[in-house]
Amino acid sequence: MVEVKNLVKRYGDKLAVNNVSFTVNEGEILGFLGPNGAGKSTTMNIITGYLSSTSGTVTIDGCEILDDPKGAKSKIGYLPEIPPLYQDMTVKRYLEFVYDLKRVTLPKQEHLAEVCKVTKITDVYNRVIKNLSKGYRQRVGFAQALVGNPPVIILDEPTVGLDPKQIIEMRNLIRGLGKKHTVILSSHVLSEIQAVCDRIVVINNGQLVADESTEEITTNFTGYKRIQLHIDGSENVILPALRAVDDVSRVRKVMRTIDGYGEYIVESRAEKDVRKGIFNAMAKADCPIVMMRNAEMSLEDAFLKITSGEPVKTKGGRK
Ligand code: ADP
Ligand code: MG
């Protein structure tokens with residue numbers, strides 16, 4: 001549905017996007033994740049035709065953005081980082097303006113009513129935009145992107161500045177979109193992306209560093225798994241004994257104690273099972289294990305590993 005190929009963008013000497021390629025399939029919600037300054041907005045502005053690339057191609061549903069900018073743009077709804085709202089207009093006036101600008105042919109009042117219903121702004125339809133709360137204004141921006149019912153929706157950091165309740169509402173809206181639209185959603189917040197996306201593309205310093213499903217990214221990119229343990233006994237005995245277990249790569253004691261027991265995190269390669277080894281070692285050291293469970297590597301951990309430039313092992317996900 002969306003194909004980005006070898007995209008490069010230079011601002012003078014600054015290489016903001018460095019040979020980025022990825023595709024988004026129909027109906028997919030793709031997370032575009034990266035720290036501030038990674039090149040997310042630049043890439044999105046190129047995909048939506050607001051900015052020209054230095055080189056590379058973007059194809060939207062078969063339309064190349066440079067060969068057929070009108071065709072490509074008509075297939076995209078875009079909510080930029082700073083929504084292009086006319087503060088002095090009412091929501092109604094503004095959405096009608098967008099409707100005319102996009103030369104939409106769907107029945108006007110019905111279509112706009114539907115868009116307002118989906119984005120939950122019906123109750124402020126006749127209010128002036130500048131008097132609305134940030135959450136409502138963001139949803140008006142969202143509504144603007146949906147006008148004309150484009151098959152591809154691109155959202156640049158849509159939850160920045162919203163409060164937790166508004167974030168949840170926004171997430172639900174995005175999830176709902178995924179049923180009928182192809183969505184690209186950018187964020188520098190991992191949990192944001194994890195909550196709604198099927199697949200994640202990670203960009204850092206203008207370069208693509210990961211392209212995996214949300215589940216895959218955790219294990220594949222860290223290559224490690226974790227076990228959480230509560231153990232009775234002295235850490236001077238427990239730590240060396242855990243570290244001596246075959247295939248254990250890292251052991252760390254958590255500062256807090258649980259019911260008087262020490263908490264430990266053991267890391268091993270994803271394909272190794274160190275649980276029996278741990279059990280035997282602790283039995284031998286006379287340090288009873290009172291709790292043992294798999295603790296998922298969080299996506300936050302994976303993300304930090306990826307963007308810190310530590311070598312990561314992938315199953316061929318890198319393109
Ligand atoms: P993100 O959206 O991931 O935070 P951006 O795409 O906004 O990142 O920016 C990527 C890099 O390009 C940053 O280093 C930023 O400072 C730089 N940049 C963005 N816009 C311009 C511009 N108009 N002129 C020069 N440098 C820019
Ligand atoms: Mg940005």
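Numbers here simply count residues along the sequence, with the first being 1. Below, all heavy atoms of this structure are taken into account, side chains as well, without hydrogens, waters or symmetry copies. Atoms within each ligand, like the ligands themselves, are counted from 1 in listed order. On a predicted model such as this, the values are computed, not experimentally measured, just so you know.
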Contacts table for residues 70-79: side-chain donor-acceptor under 3.5 angstrom, sequence neighbours left out:
from : atom 1 : to  : atom 2 : distance (Å)
S74  : OG     : G71 : O      : 2.7
K75  : NZ     : D61 : OD2    : 3.4
Y78  : OH     : N45 : OD1    : 2.7

Under a single-linkage definition using a 4.5 Å side-chain heavy-atom cutoff for Ile, Leu, Val, Met, Phe, Trp and Tyr, are L185 and V24 assigned to the same hydrophobic cluster? no

Using only heavy-atom distances, determine whether the side chains of D156 and S41 contain a donor-acceptor pair under 3.5 Å. yes

Pairs meeting criterion salt bridge (Lys or Arg N to Asp or Glu O under 4.0 Å) with involvement of residues 81-92, two or more places apart: D88-K130, K92-E96

Assess T42: does it contribute an N, O or S atom lying under 2.8 Å from the Mg ion (ligand 2)? no

Under the side-chain contact (heavy atoms from CB on, under 4.5 Å) test, which residues partner Q228, sequence neighbours left out? H230, R256, E263, I265, M291, R293, A295

For a distance cut-off of 3.5 Å, show me each N or O of ligand 1 paired with any protein N or O, plus the separation.
from     : atom 1 : to  : atom 2 : distance (Å)
ligand 1 : 2 (O)  : S41 : N      : 2.8
ligand 1 : 2 (O)  : S41 : OG     : 2.8
ligand 1 : 3 (O)  : A38 : N      : 3.2
ligand 1 : 3 (O)  : G39 : N      : 2.9
ligand 1 : 3 (O)  : K40 : N      : 2.8
ligand 1 : 3 (O)  : K40 : NZ     : 2.8
ligand 1 : 4 (O)  : G37 : N      : 2.7
ligand 1 : 6 (O)  : S41 : N      : 3.4
ligand 1 : 6 (O)  : T42 : N      : 2.8
ligand 1 : 6 (O)  : T42 : OG1    : 2.5
ligand 1 : 8 (O)  : G39 : N      : 3.1
ligand 1 : 14 (O) : K14 : NZ     : 3.2
ligand 1 : 20 (N) : Y11 : OH     : 3.4

Are K225 and E267 within salt-bridge range, i.e. N to O under 4.0 Å? no

